[in-house]
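Read the numbers this way: they start at 1 and go in the same order the structure lists the ligands and their atoms. It should be emphasised that the depicted structure is a prediction, and the values quoted were computed from it without experimental measurement. For the numbers below, each heavy atom of this structure counts, side chains included, while hydrogens, waters and symmetry mates do not.
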Amino acid sequence: MIVYNLRCSSSHDFEGWFRNSEAFDTQANEGKLVCPVCGTTDVAKAPMAPSVAGTKRTATPAPQQLRQMRQFMTGLRKYVQENADYVGPNFPEEARKIHYGETEERQIYGEASLKDAKELLEEGIDVAPLPPDLDEAN
Ligand SMILES: [Zn+2]
């Protein structure tokens, strides 16, 4: 499983989880990569941030970065909740049914253990973690 930093045509940065680089190419070619902020399918891999060897950088993000991250995660969660069906603990089962064409194809979200998620990915079913609900947490 690999994680790519993605960026849409409006410069929204987000992460995409893929089984391998081919899965990324396939989804990109089929227009299945959607920006969680603005919904465009014009999404590409973001250029890697250059890393400079030997310089010490603090791991703590600046307050503005934290705020942006928070806005992004809240936006992503909202997008999923508005566009996907909540299936609760049936997530692994529903995801398989959709993958194998046993039920209507749609976006779903719900509960899955790390083990479930790993098994789904191994079967070729793309899953991604939903960010925590920060508004509720505070
Ligand atoms: Zn966007």
Side-chain angles (χ1 to χ4, degrees):
M1 191 172 71
I2 51 174
V3 180
Y4 281 132
N5 290 316
L6 304 177
R7 178 173 291 171
C8 83
S9 52
S10 304
S11 299
H12 299 128
D13 292 311
F14 56 100
E15 281 183 357
W17 293 43
F18 303 93
R19 258 178 303 137
N20 49 41
S21 63
E22 270 172 37
F24 168 83
D25 290 337
T26 306
Q27 291 189 34
N29 289 338
E30 292 175 358
K32 284 185 177 167
L33 295 175
V34 179
C35 171
V37 182
C38 66
T40 182
T41 53
D42 192 357
V43 168
K45 270 183 245 182
M48 288 291 184
S51 61
V52 182
T55 54
K56 271 192 185 169
R57 290 195 57 191
T58 168
T60 312
Q64 174 157 359
Q65 280 178 302
L66 272 176
R67 198 162 51 85
Q68 282 178 349
M69 212 184 295
R70 194 189 153 103
Q71 278 174 351
F72 167 70
M73 295 212 290
T74 305
L76 178 58
R77 197 177 171 89
K78 194 160 169 274
Y79 173 84
V80 170
Q81 287 173 338
E82 284 173 1
N83 293 279
D85 284 343
Y86 181 72
V87 294
N90 295 329
F91 180 82
E93 199 188 321
E94 283 298 311
R96 282 196 178 88
K97 279 192 193 162
I98 292 168
H99 182 73
Y100 295 111
E102 290 166 20
T103 187
E104 175 201 355
E105 187 168 340
R106 66 200 198 279
Q107 301 203 48
I108 58 168
Y109 72 107
E111 326 292 336
S113 67
L114 201 58
K115 186 172 160 285
D116 288 331
K118 203 165 160 267
E119 284 172 4
L120 289 168
L121 285 163
E122 279 166 4
E123 284 178 47
I125 303 166
D126 289 311
V127 298
L130 193 62
D133 189 338
L134 295 172
D135 286 337
E136 230 169 58
N138 289 321

Applying ring pair (Phe, Tyr, Trp, His ring centres under 6.0 Å), run through Tyr109 and Phe91 and close with a yes or a no.
-> CA-CA 7 Å; Tyr109 72 107; Phe91 180 82; 8.6 Å; no
Establish, from distance only, whether the side-chain atoms of Ser113 and Asp116 form a donor-acceptor pair under 3.5 Å.
-> yes
NZ/Lys45: more than 12 non-hydrogen atoms of other groups inside 6.0 Å | yes
Determine whether the side chains of Gln107 and Asp85 contain a donor N or O and an acceptor N or O closer than 3.5 Å.
-> no
Short N-O contact, Glu94 and Arg106, less than 4.0 angstrom = yes
Tally of protein N, O or S atoms, where distance to the Zn ion (ligand 1) is under 2.8 Å | 4
Near Glu105 CD, under 6.0 Å, is it more than 12 heavy atoms from other residues, nucleotides or ligands?
-> no
